[in-house]
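See structure below.
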Amino acid sequence: LRRLAARQQPLRNALEQLQQEIGENTKQSGDLGGIAKDMDDVIKDLRDNRVLRKTLERQQRILSRLLDAQKSLRTQDFKKERKSKTGEELVRESPDQLPADLGERRSLLQENLEKALKEGYTREYEEIIRQYFELLSKESDR
């Protein structure tokens with residue numbers, strides 16, 4: 001156990017050095033500080049020949065937090081940061097005004113005319129129906 005404690009101490013020192021290199025204002029340094037405290041507790045338990053379930057859980061937590069910190073440090077450089085640009089004044093012409101009925105009335109009249117012509121009226125009635133729809137169409141154009 002003392003040998004394990006002696007091997008853990010250089011790891012603790014390396015972690016402390018890494019924490020200094022990263023800087024104390026980053027989020028990762030806070031995680032590393034917690035890891036360092038857990039490492040100190042494990043070293044103390046190993047030196048005192050006191051290996052408990054809590055000690056093993058701390059070691060497992062140290063390992064997972066170190067792996068998370070490593071992944072976080074690796075991916076930190078690959079983040080795409082958003083950049084803002086000041087808006088520019090654009091001048092564009094608006095299109096002409098759309099017709100009020102948007103062409104619906106004419107197509108409705110055309111559909112009704114076609115429907116009426118398919119009913120099978122005589123030629124005379126068909127001519128009257130055409131004239132009627134032409135008058136409606138002229139009225140809607142005004």
Side-chain angles (χ1 to χ4, degrees), residues 1 3-48 50-142:
L1 291 177
R3 267 189 305 168
L4 284 175
R7 289 176 60 189
Q8 185 110 16
Q9 187 60 44
L11 293 174
R12 166 66 175 93
N13 294 339
L15 178 67
E16 190 174 289
Q17 181 182 358
L18 178 63
Q19 188 176 8
Q20 289 173 357
E21 288 176 10
I22 290 176
E24 295 185 18
N25 294 332
T26 64
K27 182 181 176 189
Q28 286 84 12
S29 69
D31 293 342
L32 295 178
I35 296 170
K37 184 187 178 310
D38 282 345
M39 288 179 97
D40 287 337
D41 293 341
V42 168
I43 291 169
K44 185 176 184 229
D45 287 349
L46 291 175
R47 284 187 184 150
D48 295 342
R50 194 176 34 161
V51 178
L52 305 171
R53 179 177 297 264
K54 186 188 265 187
T55 306
L56 297 175
E57 289 172 359
R58 270 194 201 117
Q59 285 184 317
Q60 190 62 36
R61 191 169 56 224
I62 289 168
L63 176 63
S64 67
R65 288 169 74 185
L66 281 172
L67 290 173
D68 288 344
Q70 178 186 14
K71 181 180 177 185
S72 176
L73 285 172
R74 244 186 289 135
T75 58
Q76 185 178 21
D77 293 337
F78 296 109
K79 289 182 183 175
K80 287 187 176 181
E81 303 250 344
R82 295 182 184 176
K83 295 180 182 178
S84 66
K85 286 198 268 184
T86 306
E88 298 174 6
E89 187 69 31
L90 298 176
V91 178
R92 294 188 176 148
E93 286 186 37
S94 297
D96 293 337
Q97 185 174 359
L98 294 173
D101 62 358
L102 296 176
E104 293 175 12
R105 179 134 173 95
R106 184 174 299 272
S107 65
L108 182 63
L109 289 173
Q110 187 69 28
E111 287 175 22
N112 286 331
L113 172 63
E114 290 172 7
K115 184 178 176 184
L117 294 176
K118 288 182 184 177
E119 293 291 324
Y121 293 110
T122 63
R123 214 177 259 283
E124 291 172 1
Y125 280 125
E126 284 183 3
E127 188 58 37
I128 293 171
I129 292 171
R130 282 184 212 273
Q131 289 174 359
Y132 172 73
F133 279 103
E134 283 179 22
L135 286 172
L136 286 177
S137 176
K138 289 177 185 177
E139 269 305 304
S140 67
D141 289 343
R142 289 186 207 169

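Keep in mind that the numbers below use all heavy atoms, side chains included, and drop hydrogens, waters and symmetry copies.
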>> To the closest 0.5 Å, what do you measure between CG (Asp68) and CG (Leu63)?
In response: 9.5 Å
> Hey, what do you get for CG (Leu4) to OG1 (Thr55), rounding to the nearest 0.5 Å?
Replying inline: 11.5 Å
> In chain order, what residues pass the salt bridge (Lys or Arg N to Asp or Glu O under 4.0 Å) check against Arg7, with sequence neighbours excluded?
Replying inline: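 With neighbours one apart ignored, the set is empty.
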>> Which residues pass the side-chain contact (heavy atoms from CB on, under 4.5 Å) test with Ala116, not counting sequence neighbours?
In response: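 Counting only residues at least two positions away or on another chain, Ala116 forms a side-chain contact (heavy atoms from CB on, under 4.5 Å) with Ile129, Phe133.
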Residue list, side chain to side chain donor-acceptor pair (under 3.5 Å) with [X], at least two apart or on another chain:
| X | value |
| --- | --- |
| Asn112 | none |
| Lys37 | Asp41 |
| Glu127 | none |

For a 4.5 angstrom cut-off between non-hydrogen side-chain atoms, does [X] reach [Y]?
| X | Y | answer |
| --- | --- | --- |
| Arg47 | Ile43 | yes |
| Lys54 | Asp45 | no |
| Leu15 | Leu66 | yes |

> Would you say the side chains of Gln9 and Asn13 form a donor-acceptor pair under 3.5 Å?
Replying inline: yes
>> Using the rule given for side-chain contact (heavy atoms from CB on, under 4.5 Å), can you reason through Arg130 versus Leu117, listing the C-alpha separation, both sets of side-chain angles and the distance that settles it, and then say yes or no?
In response: CA-CA 9 Å; Arg130 282 184 212 273; Leu117 294 176; 3.6 Å; yes
>> Tell me which one of Gln59, Arg12, Glu16, Arg58 satisfies side-chain contact (heavy atoms from CB on, under 4.5 Å) with Met39.
In response: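 Looking at Gln59, Arg12, Glu16, Arg58, the match for Met39 under the side-chain contact (heavy atoms from CB on, under 4.5 Å) is Arg12.
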>> With side-chain hydrogen bond (donor to acceptor under 3.5 Å, both in side chains) as the rule and sequence neighbours excluded, what pairs involving residues 114-124 come up?
In response: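 For residues 114-124: Gln110-Glu114.
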